[in-house]
There are 2 protein chains.
Amino acid sequence: MELLSVCLGVYYGEFTTAAASENLTASQGKALTVLRRGPAAMRTLARVLTCDASNITGIVDRLEKRGLVRREPSTSDRRIKNVALTAAGENVADAIRAKMRTTQAGLDGLSDEERASLHVLLERVFVPPTGP
Amino acid sequence: MELLSVCLGVYYGEFTTAAASENLTASQGKALTVLRRGPAAMRTLARVLTCDASNITGIVDRLEKRGLVRREPSTSDRRIKNVALTAAGENVADAIRAKMRTTQAGLDGLSDEERASLHVLLERVFVPPTGP
DNA sequence: TATTGTTATACTCTATAACTATA
DNA sequence: TATAGTTATAGAGTATAACAATA
């Protein structure tokens, strides 16, 4: 428990620093990281970032003002706005990922077998089994 | 890397919820958790919470107003104020810890051997070797 | 001179509540 | 009626810069 807290603190600290080096807050960096997988509705973004939907407006506002994301109307539901990374946003998201050096180096220091083992153990601790 | 981010989210979310159930923010809860190990100077607290020293004033102010911590002058250096948990603060810190049920249950689900293995792997990834 | 804690300031994140436009 | 996004608001966290007291 203690060690988990320390490790996750290191990880979060490194992510915050990486985001800051691109002049982004941790929340903004996290939003870009999420959008790296593909566009998402404002509501979806709120759920993934585990914050109230009203907060997303401001976060996306600031990212959009810097040209890192854009809002696109949904074709199927006119209430929905999808947020997508711009080319500049993709570059920044990639840059943040690349700057997670300590964590990445630590992972690279493990053998494939050890990495797989860590993966399994972390999943068992943190990813709750989906009941029927 | 991806999984680490998920684990961090789960752990941090659970901690935030546990702190909120005691009407505390995550930062306040973290401060109590740190002080559980013993009193610390304002400056030390800032370093552990990885934030600027100026922020600690407000965080400790709010905790002190609720009677969870107290400021004590250092006997050896009159510039220093040590922050210590009150009895009430200890109770709240214990309550937060007890409410980290999902994480604790996940850890309890591992065998002693698996837990030891996880410990070793996490240390290798996150705790950098101290060079000479 | 350097360090500790504080204050003042500005920005961001956060939840709540109320609003609009759609469904 | 219910949902998606927005706005307004208030409280909290955050870094920066400047300050008084002490080392």
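All chains are named by letter (A, B, ...) in the order of the sequence lines, taking the proteins before the strands, and each is independently numbered beginning at 1.
- Rounded to whole angstrom, the span from the CZ atom of B/Arg62 across to the P atom of D/dT14 amounts to 10 Å.
- Heavy-atom contacts of chain A under 4.0 Å fall on DNA chain C between two terminal nucleotides, which in 5' to 3' order are C/dT12 to C/dA23.
- At D/dA4, none of the side-chain N or O atoms of A/Arg71 fall inside 4.0 Å of OP1 or OP2 (strictly under the cut-off).
- The stretch residues 13-37 of chain B touches DNA chain D through B/Thr25, B/Ser27, B/Gln28, each having a heavy atom within less than 4.0 Å of the strand.
- One finds the CG atom of B/Leu4 at 6.5 Å from the CG atom of A/Leu118 (value rounded to the nearest 0.5 Å).
- In this structure, CD in B/Glu22 is found 9.5 Å from CG in B/Asn91, a value given to the nearest 0.5 Å.
- Near DNA chain D, meaning a heavy atom under 4.0 Å from it, residues 72-84 of chain B has B/Asp77, B/Arg78, B/Arg79 in order of number.
- Interatomic distance, NE2 of A/His119 versus SG of B/Cys7, reported as 8.5 Å (0.5 Å rounding).
- Across all non-hydrogen atoms, the minimal contact from A/Lys30 to A/Val48 is NZ-O, 4.4 Å.
- Here A/Ile56 contributes atom CD1 and A/Met42 contributes atom CE; the two are 6.5 Å apart, rounded to the nearest 0.5 Å.
- Within the structure, side-chain hydrogen bond (donor to acceptor under 3.5 Å, both in side chains) pairs that include any residue of residues 9-19 of chain A comprise A/Glu14-A/Thr102, A/Glu14-A/Thr103 (at least two apart or interchain).
- The closest side-chain heavy-atom distance from A/Ser117 to B/Leu121 is below 4.5 Å.
- Rounding to the nearest 0.5 Å gives a distance of 5.5 Å between CG of B/Leu68 and OG1 of B/Thr86.
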Chi angles and distances behind the side chain to side chain donor-acceptor pair (under 3.5 Å) call for B/Ser27, B/Thr25:
CA-CA 5 Å; B/Ser27 290; B/Thr25 64; 4.9 Å; no
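- Taking 4.5 Å as the limit, some side-chain heavy atom of A/Asn23 sits within range of a side-chain heavy atom of A/Arg66.
- Once rounded to the nearest 0.5 Å, the distance linking CZ of A/Arg115 with CG of A/Asp108 reads 6.5 Å.
- Within the structure, salt bridge (Lys or Arg N to Asp or Glu O under 4.0 Å) contacts touching residues 33-55 of chain A (residues at least two apart or in different chains) are A/Arg36-A/Asp94, A/Arg37-B/Glu2.
- Contacts between residues 38-60 of chain B and DNA chain D, counted as heavy-atom distances below 4.0 Å, involve B/Cys51, B/Asp52, B/Ser54, B/Asn55, B/Ile59.
- When all heavy atoms of B/Arg124 and A/Gly109 are compared, the pair lying nearest together is NH2-O, 3.2 Å.
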